[in-house]
Amino acid sequence: MTGRPPGEGADARLSATGGLLLVSTTILVLGALSWGEMVFAPAAFAIFIVMVVWPLQAWLQARMPKSLAVLITILVTVVSIVALLLLFVWGMSVVGQWLIRNSNQFQTLYQAASDWLEGHGVPVAAQITDMFSMSWIVGMVQTMLSRINGLAGFAMLVFAFAVLGLLEVEDLARRIAASGRSFGGIDLIAVGRETAGQFGKYMLVRSIASIVTGAIVWLIAWMVGLEHPSAWAAIAFTLNYIPFIGPLVATVLPTLFALAQFQSFQIALVVLVCLTVVQFIIGSYLEPVLTGSALSMSPFAVMFMVFLWSLLWGLTGAFIGVPILVAVLTVCRRLPSMRWLTVMLSAGSGS
């Protein structure tokens, strides 16, 4: 009769208990983050902004008073974000005006599709009529207005947090140094600097990829004859900052409008294939070459983080999900006990 070595059963029970505790803690933390979205989401976004623009402020502070350096850094940050938002709004407004002017083409397309489906035994007219009733339209407008108001409040909180963060970066570093710098075996100042560098590199790579994407989308739209190629380029450029979700929207929208404009499934298919190939090449080849091993992340992990944080924080979470993954990988690389997680989340060896 063979028995298990002494203590093995107790170790297994402790391991199972630890795993259950980790899962329970993770669920509770995610629930708290979702419940406190109005505070945690702006704070996380502001921390990300502070870490991205801090090198600029440090460079300016070496050449001018701190207050002036902070002011210039804030102005550059605000102008950059507002310019991106305005570019996206302009592109969508141009497309929206075209939609209003050519609504009859969408109606014709819908009627043809409806007739074809009903001819094959798939009734859709009643369902579409119920869905797009006046109450649905009013509800959609009210939802959009509430989201715009929420976005304004979100932007104000982010701005406040970012300003306070930029003013306190140096003081926080001094307090951390005075407290011993280390927490759980991690040098907090070194991790903060490395994470800031990774964030900056991440944004640089996304900006280059967005510029390339916008330029190619303009070229495809111009060659196909799709109206307002500059608007489609602006939409593709700005949406590319949101992994997976942004490129998906920037691919589907021009395809639908090509179908409405040309009333041709063949041309719409050409647009769809071309845009899909462009997004695949940029996402699978260009970005990995630009990021290198330091930002090498598993595509599954990236997609999971994007959709997880989208579920928790909406559009803000879709953007901030990947930077959170970058920060997690940066911390895990400094902990030998977490090397397994680094390997699992990285696209390469995780070294």
Inset, instruction - Kindly determine whether E168 and R175 satisfy side-chain contact (heavy atoms from CB on, under 4.5 Å), including the steps that lead there. - result: CA-CA 10 Å; E168 291 190 13; R175 292 196 296 270; 4.0 Å; yes
Main-chain N/O of [Y] paired to [X] side chain as donor or acceptor, under 3.5 Å:
X	Y	value
Q263	A260	yes
S34	L30	no
Q279	T251	no
W222	S230	no

Legend entry - Side chains of F40 and L312 in contact at under 4.5 Å (non-hydrogen atoms): no
Would a hydrophobic clustering, with Ile, Leu, Val, Met, Phe, Trp and Tyr connected at side-chain separations under 4.5 Å, put [X] with [Y]?
X	Y	result
L226	I267	yes
I208	I216	yes
F199	F161	no
V212	V278	yes

Legend entry - Worked verdict on I49 versus I81 for side-chain contact (heavy atoms from CB on, under 4.5 Å): CA-CA 10 Å; I49 290 175; I81 294 175; 3.9 Å; yes
Legend entry - Criterion side-chain contact (heavy atoms from CB on, under 4.5 Å) on W232 and L253, from CA distance to verdict: CA-CA 9 Å; W232 293 117; L253 275 182; 3.9 Å; yes
Legend entry - Partner of F319 by side-chain contact (heavy atoms from CB on, under 4.5 Å), out of W313, W309, F48: F48
Inset, instruction - Evaluate whether atom CE of M223 has more than 12 neighbouring non-hydrogen atoms of other residues, nucleotides or ligands under 6.0 angstrom away. - result: no
Legend entry - Geometric class of the F257/W98 ring pair [parallel <30°, tilted 30-60°, perpendicular >60°]: tilted
Inset, instruction - Go through the structure and list residues passing ring-ring contact (aromatic ring centres under 6.0 Å, His included) with F237, not counting sequence neighbours. - result: Y241
Legend entry - All side-chain contact (heavy atoms from CB on, under 4.5 Å) counterparts of V29, not counting sequence neighbours: T25, L33
